[in-house]
Amino acid sequence: MQEIMAILPASVRNIMTVLPSTVLEVLEEIRLRQNQPLEIRYGQQTSYVTPAGQITSIARQGWVFTQEHVVKLLNQVSQHSLYALEEELKRGYITVVGGHRIGIAGKVVLERGEVKGIRDVTSFNIRIAREKKGVAQKVMPYLFEKGTLRNTLVISPPMCGKTTLLRDIARQISYGSEWSSSRKVGIVDERSELAGCLQGVPQRDVGPRTDVLDACPKAIGMMMLIRSMSPDVLIVDEIGRPEDGDAVWEAIHAGVAVVCSAHGSDVEEVARRPMLGKLIRHGAFSRYIVLSRSRGVGTIQAIYDSSLNPVKKEQPA
């Protein structure tokens, strides 16, 4: 939390620091909207925070984030140079030290039908990046068959831990484990969440043999990495566009294993989308991992093979 506290305006920081440690330890989001109460998400709950740093479900009791605070937060995040964040503002979020991501909303500026930036920023969503090493341990046995890494699709609704899981899968493959020797990993991190790069340097431990293309479109990045870095494995978060599907096929046909994710609550829902449905029908993936929050963030709801049958663990050699 020290990295988060460092970018908050003093008035917000003073309130946040007196929150109970039990809340801070599981804090997921800090939402700040101009002229609206401070809102936080932690564990399975969403609450407002009073000026005294107390939790409340009543909006009118919450501490109000003003236009003055908007300016201060923008100055803190940009180090008083919004021009330096021009590219990030086009994407609608800013990545800060520690790999934490700040989503922003406001008036969108268009140029020739494309987003040029966001001005008159009025909303911030500070998403706390928590590095949970070892969370992939429970799925690693399912990803390998006789030492071969299976192409895998992680399916998850928002806020169920898919990015955290993918990050740790990348780390374990890069370092090597009881299931496999160390392999070269390529990460295409379009939204700067997997590796949490700052000025190109990963802020999260994604392994010693991992190369990252930060803020790069997924389809383009996958082809770039295959040509330039010869990865054994590609890790990609949230595929969905037609070109993403084409790139997945290209990677598979090039002999590169692919571990990626998609938004959804189950395989059936994901299969109804044109691109993902095509990949599933044609057997692009040998493993499907479905996540939920039924028993907390990162619950493994189900694991299936290419025929959508439940799979069993392979015992280590």
Side-chain angles (χ1 to χ4, degrees), residues 1-111 114-130 158-159 163 191-193 196 198-199 203 215 297:
M1 288 301 298
Q2 291 180 351
E3 296 156 342
I4 296 295
M5 295 301 180
I7 64 170
L8 293 175
S11 50
V12 184
R13 185 167 60 248
N14 292 340
I15 294 172
M16 294 297 298
T17 53
V18 297
L19 284 172
S21 59
T22 51
V23 171
L24 291 174
E25 288 170 1
V26 294
L27 190 63
E28 299 173 12
E29 291 182 346
I30 303 171
R31 289 186 173 268
L32 300 163
R33 305 177 179 93
Q34 185 172 320
N35 301 328
Q36 298 298 331
L38 167 60
E39 179 187 326
I40 60 172
R41 180 184 178 91
Y42 56 102
Q44 304 275 8
Q45 304 181 63
T46 299
S47 301
Y48 302 106
V49 183
T50 72
Q54 297 176 329
I55 303 298
T56 179
S57 61
I58 303 173
R60 66 175 180 273
Q61 293 180 353
W63 177 83
V64 176
F65 187 69
T66 68
Q67 199 273 335
E68 177 185 356
H69 299 121
V70 170
V71 174
K72 288 181 178 179
L73 181 52
L74 281 173
N75 285 336
Q76 288 278 92
V77 172
S78 67
Q79 297 181 341
H80 299 273
S81 176
L82 279 178
Y83 176 78
L85 296 178
E86 185 175 357
E87 288 302 315
E88 286 89 344
L89 291 172
K90 287 181 183 178
R91 300 197 301 260
Y93 61 86
I94 301 164
T95 303
V96 297
V97 172
H100 310 288
R101 197 177 74 165
I102 304 176
I104 57 176
K107 183 175 177 59
V108 174
V109 180
L110 296 177
E111 187 175 277
E114 295 185 356
V115 175
K116 183 180 179 182
I118 297 179
R119 69 181 188 194
D120 301 330
V121 175
T122 56
S123 296
F124 302 85
N125 178 21
I126 302 174
R127 294 186 64 178
I128 290 85
R130 296 191 183 278
M159 304 298 293
T163 302
R191 298 179 304 138
S192 302
E193 281 193 311
L198 185 67
Q199 297 179 347
Q203 302 294 293
V297 175

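Worth saying up front: this structure is predicted, and the values here are computed from it rather than measured.
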Might you point out which heavy atoms bring G43 and E28 nearest each other, and give the distance in Å?
O-OE2, 3.2 Å
Quick one: closest heavy-atom pair of R101 and Y93, and the distance?
CD-CD1, 3.4 Å
Where do V26 and T22 come nearest, in terms of heavy atoms and distance?
CG2-O, 3.4 Å
State which residues pass side-chain contact (heavy atoms from CB on, under 4.5 Å) with V108; sequence neighbours excluded, sorted by chain then number.
L110, V115, I118
Under the rule for side-chain contact (heavy atoms from CB on, under 4.5 Å), what residues qualify as partners of I15, not counting sequence neighbours?
L38, V49, W63
CD1 of I7 to CD1 of I30: how many Å apart, nearest 0.5 Å?
8.0 Å
In terms of heavy-atom contacts, G106 and T122 come closest through CA-OG1, 4.0 Å
Can you list the residues that meet the side chain to side chain donor-acceptor pair (under 3.5 Å) rule with Q67, with sequence neighbours excluded?
none
Side chains of E3 and Q203 in contact at under 4.5 Å (non-hydrogen atoms):
no
I want to check something: taking the side chain as every heavy atom from C-beta on, are I126 and L8 in contact at a cut-off of under 4.5 Å?
yes
Residues passing the side-chain contact (heavy atoms from CB on, under 4.5 Å) test with A59, sequence neighbours excluded, are P37, Y48
State, with a plain yes or no, whether a side-chain heavy atom of M16 is found less than 4.5 Å away from one of I40.
yes
Could you measure the distance from the CD1 atom of I128 to the NE2 atom of H100? Nearest 0.5 Å is fine.
7.5 Å
Roughly how far, to the nearest 0.5 Å, is the CD1 atom of I102 from the CD atom of Q76?
10.0 Å
List the atom of L19, the atom of G53, and the distance in Å for their closest heavy-atom pair.
CD2-O, 3.4 Å
Can you tell me how far the CG atom of L73 sits from the CD atom of Q34, to the nearest 0.5 Å?
12.0 Å
Output the distance between atom CD (E68) and atom NZ (K72), rounded to the nearest 0.5 Å.
4.0 Å
Mind checking whether E39 and R33 have side chains closer than 4.5 Å, heavy atoms only?
yes
Taking side chain to side chain donor-acceptor pair (under 3.5 Å) as the cut-off, I'd like each qualifying pair that reaches into residues 9-20, sequence neighbours left out, listed once.
S11-H69
What residues form a side-chain contact (heavy atoms from CB on, under 4.5 Å) with Q45, not counting sequence neighbours?
Y42
Closest approach of L24 to M5 (non-hydrogen atoms, all atoms of both residues)
CD2-CE, 4.4 Å
